[in-house]
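Sequential numbering from 1 along the given sequence is applied to the chain's residues. We use all heavy atoms of the structure for the numbers below, so side chains are in, but hydrogens, waters and symmetry mates are not. Whatever order the structure lists ligands and atoms in, that order sets their numbers, starting from 1.
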Amino acid sequence: MISWTKHRIVLFLFLIILIVETYLVSTASIGLSLVIYTILSYLILLFVGSYFLELEYYMPVKKDLNNKKEIALTFDDGPNPEITPQLLEVFKTHGIQVNFFCIGEKLEDQKELVNQMIQEGHLIANHSYTHSNFFPLKSVKAMTEELRQTNRIIKELTKIENLYFRPPFGVSNPLVAKTVRKLGMQVIGWNLRSYDTVIKGEKLFKRLVQKTKGGDIVLLHDNHQDIVDVVERYVVYAKKNGFTFVKL
Ligand SMILES: [Zn+2]
């Protein structure tokens, strides 16, 4: 059965408009430029829909939590042999558990570290096998293989069947949507994008504090040193303000 995602509704409307416009152009009622503008607008919409996962343009995305006293910290692109252990130390000190969206290849390289993450109760989820720049351009077959391979590694290490996936770069398109549907996986987005790869230190901490509404899924990366201190300060701040940290 067809699910009426935003993308399909827009495509349907776009085709109707295009047919009407083509007819009007043929009767010389309107100029060709209007057709070109329509196509351009559609292409812009496709791009915006691909880039902003939170718009749920191609597929449903979990972006926040129901309980407004909870926060889920999510870390992409690890595990990292230098940064992740420092974060684990912080989480142990403050008695919280978080979510790691890991790259399959890195899981294979860091089995001992992953075992520690699991033993300390953190969630390990799928962030593709290679995190290749070309991931969004891959075929459904190739994407399926990447996701399955990473799920296999997660199963082997955690004994748990993982269903959570976060697309590399947060980029989505109809092929990503099809892959996820095929595998019955749930896409996890965010409602608080930290931009921690660009913003650092005090500025990053302030951004996190300002943007916290409760029920947030926070997007972070465990691949740069700066994150360790900022996350610790944020955890202290949030706990003081009555929030609890949860796994998805
Ligand atoms: Zn990533």
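- A salt bridge is absent between Glu56 and Lys6: the closest approach of a Lys/Arg side-chain nitrogen to an acidic carboxylate oxygen does not fall below 4.0 angstrom.
- Salt bridge Glu156/Lys111: present, at least one basic N to carboxylate O contact under 4.0 Å.
- Side chains of Glu21 and Tyr37: no donor on one and acceptor on the other come within 3.5 Å.
- Here His131 meets the criterion, with an N, O or S atom under 2.8 Å of the Zn ion (ligand 1).
- When distances from the Zn ion (ligand 1) to the N, O or S atoms of His127 are compared, NE2 comes out shortest.
- Summary: OD1 is the N/O/S atom of Asp77 found nearest to the Zn ion (ligand 1).
- Looking at Asn126 and Asn151, their side chains do bring a donor and an acceptor atom within 3.5 Å of each other.
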